[in-house]
Amino acid sequence: MTLPGMAAKMGEMDINDASLVIVAHPTRGLVDEKFHVDVLNLRPHQPITLHSVFQSEENDFWEAYGHYISDSKGMVKADETESLGGSFTGKDPMGLIWSMKPVPGSRTGLRFRKRDVQTPYVVHISVFDGHISSGFNEKSALACTVMERWYMAPGVCRIDIRQDGVQGTLFLPPGPGPFPGILDLWGGGGGLVEYRSALLASHGYASLALEYLFQKNTSEKSAAIGEQYFEAAFNILKNHPKVASERVGLFGLSFGTSVALVMAGNSTTISPKCLVCVSGSHVFPVKESLSSVFAEMKTNLNKLKVDENNHLIWRNLMLPIPTDPDKKVNVGNIRCPLLLIVGEDDQNWPAPECAVDIENMMKKAGNDHLLTKLSYPGTGHLIETPYSPHTRFSNFMLADSREKVIVLWGGETKPHAFAQEDSWRRILKFLERHLYQRSVL
């Protein structure tokens with residue numbers, strides 16, 4: 001299947017359908033912005049299929065579709081008309097994005113991730129007659145429209161950072177500043193992941209996407225990276241002339257949560273204003289180096305499990321939660337607001353169990369008033385930006401050995417999609433309260 005081939009099919013539509021119109025608006029927007037899809041001039045009570053498709057930067061195709069019946073006026077409004085079947089159901093045009101899966105016959109273990117945030121991903125939405133579920137590229141569409149979805153808003157500036165041994169990318173909102181800052185820490189997959197920082201900058205935050213698990217020479221570099229590296233990155237962000245130095249927070253996902261908790265709980269040289277921690281743990285804290293953490297994890301490899309499809313389940317590596325305080329971050333030392341987000345079907349890390357222990361530790365220390373905990377049923381490990389296609393399992397490159405495996409992340413598509421949308425809304429409110437408003441507690 002090719003997108004040009006789909007466009008050619010558009011040219012084959014019946015002349016009787018020439019008055020049919022599909023309107024998607026906005027045609028250009030941020031990835032966390034809702035859109036509307038309306039189909040006009042259908043026959044009354046006509047069954048149709050709305051189909052969306054985009055091509056990833058790796059040239060893989062992802063698709064979603066919903067089955068609709070037009071009203072008595074020959075209209076379908078996707079936010080008012082219910083999808084009766086397909087890859088999603090209900091009155092939610094965003095299902096054309098969050099329910100996307102690789103098209104049949106695609107490579108195994110795909111995960112959608114945008115690498116070049118300076119370009120949009122382009123979504124083609126087509127209308128087909130009848131309720132169909134396959135072979136879209138072989139059928140003629142009645143109408144088609146195109147949308148652009150962006151992580152970077154107009155005016156956001158992208159800056160490569162190579163300073164004091166630190167590597168990353170800084171995204172600055174448009175305007176003179178100074179802006180609140182966020183140090184953005186991704187997980188154990190390594191490399192430089194920019195799309196969340198680009199989106200945060202689009203919402204008014206100077207966000208530094210930090211690279212700390214490197215794609216090359218990983219074992220050597222991880223042996224040299226510890227608390228000092230993360231403190232240096234925090235200070236680079238804090239001291240930037242367009243950053244409000246007293247309003248810098250931390251945002252961690254998965255292993256990045258462990259790093260963020262260590263920085264807030266153990267560091268004597270930095271003072272983050274707030275923390276957002278997603279799908280992470282306080283077990284195996286980063287101390288001397290990353291390699292020491294990986295070495296400790298390897299002692300528990302006998303706890304690894306696989307599902308019926310031979311997908312790796314890692315969560316047992318940290319279970320049971322240790323009682324030895326030396327094996328955990330001392331979260332009782334945290335002195336700033338913490339938003340802790342977990343998925344109850346996380347098959348990668350024991351995030352729900354860790355959240356309970358973190359809450360108990362903070363209660364015992366008397367700082368639990370700083371904690372806000374969000375727990376989502378039916379939600380897996382990869383709680384990403386809103387409307388991101390849900391990935392239950394995917395290929396994964398082990399950070400230390402660079403071995404390729406397939407990891408089970410967990411989650412069911414619809415509840416996971418809800419968690420991504422709801423948690424992002426709450427994250428933005430949390431950040432606004434603690435980084436933009438003057439009085440916090």
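Predicted model only: the values in this text are computed from it and were never measured.
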Residues forming a side-chain hydrogen bond (donor to acceptor under 3.5 Å, both in side chains) with [X], sequence neighbours excluded:
X: Arg162; answer: none
X: Asn309; answer: none
X: Asn367; answer: none

Applying side-chain contact (heavy atoms from CB on, under 4.5 Å), can you list everything that pairs with [X], at least two apart in sequence or on another chain?
X: Glu57; answer: Lys114, Arg115, Asp116, Thr119
X: Thr49; answer: Tyr65, His67, Phe128, His131, Ile132, Phe136
X: Ala260; answer: Leu185, Leu250, Cys277
X: Phe393; answer: His311, Ile406, Leu408

What residues, two or more places apart in sequence or in another chain, satisfy ring pair (Phe, Tyr, Trp, His ring centres under 6.0 Å) together with [X]?
X: Tyr121; value: Phe54, Phe112
X: His282; value: none
X: Phe171; value: none
X: Phe430; value: His434

**OP:** Please list all pairs passing the salt bridge (charged side-chain N to carboxylate O under 4.0 Å, His left out) test where one or both residues lie in residues 182-195, with sequence neighbours left out.
**Re:** Arg158-Glu194, Asp184-Arg196
